[in-house]
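Worksheet: one structure, shown below.
If you're wondering where the values come from, they're calculated on a predicted model, not measured in any experiment. All chains are named by letter (A, B, ...) in the order of the sequence lines, taking the proteins before the strands, and each is independently numbered beginning at 1.
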Amino acid sequence: MSNFSPSDVVLKIEGLVTSFRTDDGVVTALEGVSFEISRGKTLGIVGESGCGKSVTSLSIMRLLPNGVGKIEAGKVIFDGKDLVTLPESEMRDLRGNRIAMIFQEPMTALNPVFTAGEQIIEVFMTHRHMSRAEARKAALEMMEMVRIPDPDRRLDEYPHQMSGGMKQRVMIAMALACKPAVIIADEPTTALDVTIQSQILRLMQDLQKQTGTSIAFITHDLGVIAEVADEVVVMYAGKVIEKADVTAIFDRPLHPYTKGLLASIPHAGQSRDSKLPTIKGSVPSLKDLPAGCRFFGRCPYRQTRCEKENPTLMYEESTHGVACHFFADIAANKIKANYDGLGGE
Amino acid sequence: MIQYIIRRLLQMIPILIGVTLLIFLLFSFFGEDPARVALGAHATPAKVAALRAKWGLDKPLVMQYLQFWKEILTADFGRSFVSGERLSRMFAEGALVSLAVTMPPFIMGTILNLIIAMLVAWYRGSAFDKFMSVIFTACMSVSFLVYVILLQYFLAYKFDLFEINGFIPGLKGLPFLFLPWIILMIVHFGPDVRLYRSILLEETKSDYVRTARAKGLSEKQVMFKHVLKNAMIPVMTYTVVEVPFLVMGSFVLEKYFSIPGLGDLLVSSVNTGDFPVIKGVTIMIAVAYSLFNLLTDVLYALVDPRVKLS
């Protein structure tokens with residue numbers, strides 16, 4: 001258990017509200033998202049697709065699609081400054097320098113017409129104002145650091161000449177180039193096959209130990225979270241519904257959604273004939289959110305109060321937050337699960 | 001690379017055989033008898049036969065066809081039926097005149113349109129972008145002939161800025177060329193800028209653009225380095241294949257401005273049944289088109305590292 005003092009928090013997000021303009025009007029993709037990333041630690045952000053994980057990362061980086069996505073309210077505190085109101089030029093100095101990003105699709109996230117080396121070199125030239133020759137040397141060191149074999153040759157290769165894992169190593173090299181305080185990794189291993197995935201995860205953990213950088217690791221894969229995260233934020237339909245350190249999430253999940261997610265992971269020794277539990281129903285559309293708790297339609301513990309009142313994050317202990325009116329009653333077994341009328345209705 | 005180019009050049013042979021057969025057969029079976037056209041309706045059969053013999057039209061078709069190939073391979077297309085002038089000279093002169101009309105607006109227009117497209121793409125969604133969209137659509141909706149007539153009337157006749165029509169070789173001919181240049185640039189402006197803009201905007205949606213921004217690159221670096229190099233690939237395809245048509249000039253423009261370019265020559269040759277001219281010009285287009293297609297592919301390989309010529 002850890003209770004971090006404020007100085008240990010490197011990035012603090014407070015009440016972030018982000019909206020998107022769509023053909024059907026404005027939808028709120030994030031509604032009051034708050035969490036902290038601790039220095040040198042990995043924060044896992046979990047949730048189904050569409051829950052706002054990626055929007056959160058793009059909001060932090062202020063890379064929301066221009067004219068479509070907009071931060072309506074909230075703060076992103078980094079280095080004592082609020083990134084939401086920071087002038088674009090200062091924000092640009094931070095991007096790739098103090099806060100870096102790794103994306104999901106290494107195939108398309110790298111520019112196909114520039115060499116891998118060039119794409120690392122420009123980070124050094126932009127933020128460290130190095131000459132091309134110096135930047136090239138630095139890029140070579142980065143490629144060695146992310147364990148790309150034969151880095152001299154790979155430096156002048158184009159992305160299409162590399163495998164998916166190799167490209168993701170190049171992305172990591174780019175992200176780590178300026179020794180950022182925070183790396184936001186948006187599903188960095190999702191597009192890779194399982195063996196490469198574990199190699200990349202191990203690489204990221206090793207590099208984190210070496211550099212002391214904090215990582216926000218966005219994924220839908222709880223297995224990955226168990227492996228890399230120190231603290232976990234669970235998101236559902238644009239809200240944080242539970243946050244705690246990783247052992248608490250896995251040992252003592254409080255929110256019915258988190259319980260459901262954990263129950264639906266197949267585990268070794270499970271009988272082949274037993275049916276894998278699922279969470280009935282699907283995530284509500286952002287265009288048509290329920291008035292009360294967003295998990296109401298799928299919650300086996302739902303009560304009448306949940307239909308009208310949207311719960312805010314409540315703390316069981318100072319580090320374990322949960323957005324559920326009845327988490328204590330559920331934990332104390334006072335409310336029993338009732339699956340009648342859930343999903344498919 | 002060299003091997004690829006040689007192979008592509010060899011592949012041009014069957015294409016040219018096809019093209020020659022097509023022109024030759026079309027003209028021999030469906031065209032009017034050039035001797036009859038040249039001598040008029042009242043010429044005696046003997047006179048027509050004599051002219052046919054002189055032009056080699058009495059020989060078997062196979063021989064005529066082989067003669068055609070000999071002309072292609074020696075790049076000597078003989079003489080015009082109508083004027084009796086050497087065709088190689090007529091073509092060279094005509095092509096130079098056509099190029100003088102089409103090349104400057106092509107180069108200037110392409111550069112200018114690309115710059116405008118980048119500006120529009122840069123200010124995408126703004127009032128400027130919307131205003132420009134209206135302008136392109138308006139430019140594209142107005143007929144080419146309207147530009148010819150209006151500009152000839154106002155710029156040349158009313159304000160006396162340029163010559164109305166005609167042509168003089170050399171620098172003195174510039175006043176005759178300005179008007180066609182302006183018209184060609186206006187005609188290409190709408191479709192070109194619109195195309196380049198959509199190519200550029202399509203590229204800005206790519207994932208690598210988001211990566212470049214996440215690295216902290218400035219919007220200028222993102223647009224002028226990352227986006228532009230990728231956008232050059234489709235832009236190039238579109239531009240390079242236009243070059244062979246520049247040599248041919250613009251048929252309509254040359255007619256309206258009485259400019260003796262290749263386009264004008266081809267149109268009048270079709271009217272007079274001047275077969276050698278038609279044959280020669282068509283073959284030149286076919287060769288130029290094939291060569292420039294090859295050039296596009298070679299340029300591709302230079303710009304896009306993913307393209308391997310093999």
Side-chain angles (χ1 to χ4, degrees), chain A residues 54 57-58 60-68 88-116 118-128 156-161 167 170-171 174-175 177-178 180 183-184 186 191, chain B residues 1 118-130 133 197 199-237 296-310:
Chain A
S54 296
S57 65
L58 293 177
I60 297 171
M61 294 294 275
R62 292 239 316 257
L63 287 174
L64 292 165
N66 217 344
V68 179
E88 175 59 25
S89 63
E90 279 180 54
M91 192 63 217
R92 209 159 46 222
D93 289 339
L94 292 181
R95 283 189 204 121
N97 183 16
R98 305 279 297 128
I99 308 177
M101 227 176 144
I102 301 169
F103 293 100
Q104 177 173 357
E105 284 288 343
M107 331 293 162
T108 54
L110 292 173
N111 192 326
V113 299
F114 290 103
T115 60
E118 173 63 28
Q119 297 185 56
I120 305 173
I121 286 169
E122 58 180 6
V123 180
F124 286 113
M125 291 178 70
T126 306
H127 294 299
R128 294 280 179 269
D156 294 315
E157 278 192 359
Y158 289 93
H160 74 276
Q161 293 165 291
K167 278 183 251 196
V170 172
M171 281 295 293
M174 261 160 52
C178 295
I183 290 180
I184 303 171
D186 189 353
Chain B
M1 178 85 123
M118 281 195 297
L119 277 175
V120 173
W122 179 270
Y123 293 108
R124 56 194 169 274
S126 69
F128 171 67
D129 180 19
K130 281 170 193 144
S133 291
R197 173 186 177 274
I199 290 172
L200 286 165
L201 287 188
E202 205 46 54
E203 286 297 329
T204 58
K205 289 183 199 147
S206 310
D207 283 356
Y208 69 80
V209 170
R210 196 182 52 189
T211 309
R213 289 191 181 127
K215 284 199 282 193
L217 300 190
S218 68
E219 201 56 21
K220 276 194 192 99
Q221 277 172 297
V222 172
M223 281 298 275
F224 293 104
K225 183 177 175 183
H226 285 261
V227 170
L228 192 60
K229 192 167 179 196
N230 279 282
M232 278 323 282
I233 299 164
V235 168
M236 225 171 49
T237 328
T296 315
D297 289 348
V298 172
L299 285 176
Y300 261 148
L302 294 180
V303 178
D304 189 342
R306 287 164 296 183
V307 175
K308 278 273 165 294
L309 299 180
S310 58

Handout entry: Flag, side chain of A/H127 to backbone of B/K215, donor-acceptor distance under 3.5 Å
Key = yes
Handout entry: Contact origin within A/I102 toward chain B - heavy atom pairs under 4.5 Å
Key = neither
Problem - Crowding at CZ, B/F128 (>12 non-hydrogen neighbours, <6.0 Å) - result: yes
Practice task
Go through the structure and list residues passing side chain to side chain donor-acceptor pair (under 3.5 Å) with A/E118, not counting sequence neighbours.
Solution key: A/R132, B/K225
Exercise for the section: Could you list the residues that satisfy ring pair (Phe, Tyr, Trp, His ring centres under 6.0 Å) with A/F114, not counting sequence neighbours? Expected result: B/H226
Practice task
Under 4.5 Å heavy-atom distance to chain B, tell me which part of A/L110 shows up: side chain, backbone, both or neither.
Solution key: backbone
Handout entry: From B/T211 atom OG1 to A/Q119 atom CD, the distance as rounded to the nearest 0.5 Å
Key = 8.0 Å
Problem - Heavy-atom side-chain proximity of A/V113 to B/M232 below 4.5 angstrom - result: no
Practice task
Mind checking side chain to side chain donor-acceptor pair (under 3.5 Å) for A/T115 and listing every partner two or more places apart, or none if nothing turns up?
Solution key: none
Handout entry: Nearest heavy atoms of B/P305 and A/P112, plus distance in Å
Key = CG-O, 3.4 Å
Problem - Pair A/R95-B/L217, side chain to side chain contact (heavy atoms under 4.5 Å, CB included): steps then yes or no - result: CA-CA 8 Å; A/R95 283 189 204 121; B/L217 300 190; over 6 Å; no
Completion exercise
So, the part of A/M171 with a heavy atom under 4.5 Å from chain B: the answer is side chain
Problem - Residue-level contacts of residues 199-209 of chain B with chain A, using a heavy-atom cutoff under 4.5 Å - result: B/D207, B/Y208
Exercise for the section: For residues B/A214 and A/M101, report the shortest heavy-atom separation together with the two atoms involved. Expected result: CB-CB, 4.1 Å
Problem - Segment of A/V123 engaging chain B (4.5 angstrom heavy-atom cut-off) - result: side chain
Problem - Options B/R124, B/R213, B/R210, ranked by heavy-atom pairs under 4.5 Å with chain A, top entry - result: B/R210
Exercise for the section: Name the region of A/T108, side chain, backbone, both or neither, that has any atom closer than 4.5 Å to a heavy atom of chain B. Expected result: both
Practice task
Tell me, yes or no, whether the heavy-atom count around A/N66 atom CG, taken from other residues, nucleotides or ligands under 6.0 Å, exceeds 12.
Solution key: no
